[in-house]
Protein chains: 2
Amino acid sequence: MKKSTENPADLSARIAGEIRDAIVSGRLIVDERLPSEAELASQFDVSRPTVREALKRLAAQSLIRTQRGATGGAFVNRLRFEDAYGQQITTSTLLLSMNEVSFDVACEARFTMERACAPLAAERRGPEHLARMRAEIERQQQPDLSDEAFCASDVAFHRALVDAAGNPVLSYQLAGAVEGMLPLMNMITFTARSRENILRLHGEIAEALERRDSGAVIEALSALEHYTLQLGQQVIVARTARQG
Amino acid sequence: MKKSTENPADLSARIAGEIRDAIVSGRLIVDERLPSEAELASQFDVSRPTVREALKRLAAQSLIRTQRGATGGAFVNRLRFEDAYGQQITTSTLLLSMNEVSFDVACEARFTMERACAPLAAERRGPEHLARMRAEIERQQQPDLSDEAFCASDVAFHRALVDAAGNPVLSYQLAGAVEGMLPLMNMITFTARSRENILRLHGEIAEALERRDSGAVIEALSALEHYTLQLGQQVIVARTARQG
DNA sequence: AGATTTCATTTGTCAGACATTTAGCAGCAC
DNA sequence: GTGCTGCTAAATGTCTGACAAATGAAATCT
């Protein structure tokens with residue numbers, strides 16, 4: 001009952017773990033101030049640099065924030081979605097880029113979840129969501145758009161679709177799944193023809209959402225999944241050829 | 001173009017950011033060894049403790065691992081799902097427990113994603129998944145089971161369902177959504193009657209999955225969502241009453 | 001009373017040292 | 001030559017002590 005994690009870890013990791021447990025279990029509540037570094041050092045019977053390493057670990061996970069000065073110190077951070085987004089995206093990106101996950105699997109997961117959002121989005125979408133989607137469609141029509149900008153706009157489009165579901169947890173999960181695929185998507189060369197195909201499907205999605213026709217949204221998303229998979233295959237082939 | 005993050009941050013945060021960018025962008029590849037702490041200190045023109053704080057930040061995100069000894073050092077870590085799970089669960093748990101997300105919203109997100117797994121699971125489920133689910137159902141029937149153990153078994157049951165979809169990214173996302181709700185679920189007092197209801201639905205899910213009837217799985221999951229929401233409401237009421 | 005100064009507290013950073021771990025090499029015995 | 005032993009060097013882990021910078025609050029002056 002004394003130490004939650006296994007023994008032979010680094011001191012700073014152990015201390016970070018103990019404080020993390022205290023936060024997650026609720027023994028330390030939001031905005032509560034932790035003891036000063038010197039006090040923690042004496043409590044855990046270690047030096048201040050060791051305590052600092054532990055605190056930096058927690059700061060990296062956005063569990064605490066620090067403040068300098070007389071009334072400063074380390075405070076339990078109220079985890080915000082923006083903070084969680086960043087970590088989620090970093091993690092997803094790495095899982096993909098390190099080949100731990102294939103493009104196909106990531107693609108399937110992404111569109112599976114996105115389709116799951118369709119019924120909610122069809123029910124709850126507001127005019128602002130339609131406007132955002134239409135704006136991105138318009139941008140995607142500009143012929144002098146770079147491939148990277150096209151990808152970014154594509155992400156924004158799907159982001160609007162997911163946000164229309166009105167559930168921040170879904171938005172958060174999808175952010176990782178969609179933006180994590182960005183690096184690979186950015187390797188795709190979008191021909192005029194492929195842009196045309198994508199644009200047509202985006203248009204269908206927007207229209208279906210306006211009609212609150214979730215079935216049509218799902219259908220268009222499935223078509224888009226199939227097409228994205230095709231485009232992704234080309235990148236995979238090119239990449240493995242270069243590596244081999 | 002020189003520094004990706006804003007200027008007035010801590011040195012250790014800036015250094016961690018630069019190394020993180022190098023990893024995410026692929027300039028540092030998996031299992032590559034970073035320069036020693038002393039070399040990094042001289043490269044960034046800071047002291048070794050500062051470098052160490054930066055490295056601990058990265059270690060907290062499982063981006064690097066360190067090894068002591070002659071050929072030791074910091075190595076770019078191949079991010080594994082197990083590592084990602086832990087962080088995902090911690091993050092989800094905190095988002096919920098800090099009231100940043102309501103139980104209803106989390107519940108909706110969870111079951112929405114879980115239903116999305118149903119078609120894949122119905123198609124790909126193997127005997128081992130059915131066996132795991134049946135084992136958990138059996139455990140849940142034991143009348144002397146504590147509420148916490150019942151919850152844990154419930155999580156394991158749904159975990160098996162999601163794993164049956166055969167997509168590790170979905171498993172990863174759902175792990176956060178489901179296990180993040182555990183602390184709140186653990187506050188529920190499961191009466192004999194509520195256990196009976198849940199067990200019946202679990203049985204329906206397992207049977208439907210065996211028949212590869214995704215429609216029936218989705219139906220049972222929706223019923224379970226509705227019932228979970230009811231149980232959750234009681235907890236919310238109790239909690240706000242205690243706080244107010 | 002209000003403005004200014006001083007001060008104590010706390011985090012941020014640095015320098016240097018020692019402990020510990022670990023791989024590789026040299027040397028010795030067989 | 002082979003195999004074991006011990007040494008050595010390199011690297012991380014930890015400690016001590018110190019100073020810099022920020023910041024709020026108390027003390028002081030006008």
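Labels below follow one simple rule: chain letters A, B, ... track the order of the sequence lines, proteins then strands, and each chain is numbered from 1.
- In this structure A/Phe44 satisfies the ring pair (Phe, Tyr, Trp, His ring centres under 6.0 Å) test with no other residue, sequence neighbours excluded.
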Inset, instruction - Heavy atoms under 4.0 Å is the rule here; annotate nucleotides 13-24 of chain C 5' to 3' with B where the base is hit, S where only the sugar-phosphate is, and - elsewhere. - result: BB--B--BBBB-
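- In this structure, B/Leu55 atom CG and D/dT12 atom C1' are separated by 10 Å, rounded to whole Å.
- Residue B/Ser36 places no side-chain N or O under 4.0 Å from the OP1 or OP2 atom of D/dA10.
- Annotation: ring pair (Phe, Tyr, Trp, His ring centres under 6.0 Å) contacts of A/Phe111 (sequence neighbours excluded): none.
- Among the heavy atoms of the strands lying under 4.0 Å from A/Arg33 are primed sugar atoms or P, OP1, OP2 only; no base atom is included.
- As a whole-Å value, the separation of B/Leu58 CG from D/dT12 P is 14 Å.
- Note on residues 105-116 of chain A: pairs passing side-chain hydrogen bond (donor to acceptor under 3.5 Å, both in side chains), not counting sequence neighbours, are A/Glu108-B/Arg124, A/Glu108-B/Asn167, A/Arg110-A/Glu114, A/Arg110-A/His158, A/Glu114-A/His158, A/Arg115-A/Ser222, A/Arg115-A/Glu225.
- Comparing the local axis fitted to the first five base pairs of the helix from C/dA1-D/dT30 to C/dC30-D/dG1 with the one fitted to its last five gives a bend of 20°, rounded to 10°.
- With rounding to whole Å, A/Arg65 atom CZ is found 13 Å from C/dG12 atom P.
- Take B/Asp154 and apply the side chain to side chain donor-acceptor pair (under 3.5 Å) test, not counting sequence neighbours, and it matches B/His202.
- Residues passing the side-chain contact (heavy atoms from CB on, under 4.5 Å) test with A/Ala135, sequence neighbours excluded: none.
- Between A/Asp21 and A/Arg27, none of the side-chain N atoms (NZ, or NE/NH1/NH2) sits under 4.0 Å from a carboxylate O, so this pair counts as no salt bridge.
- For the side chain to side chain donor-acceptor pair (under 3.5 Å) test, no residue two or more places apart in sequence or in another chain qualifies with A/Gln43.
- With sequence neighbours left out, the side chain to side chain donor-acceptor pair (under 3.5 Å) criterion links A/Glu37 to A/Arg48, A/Arg52.
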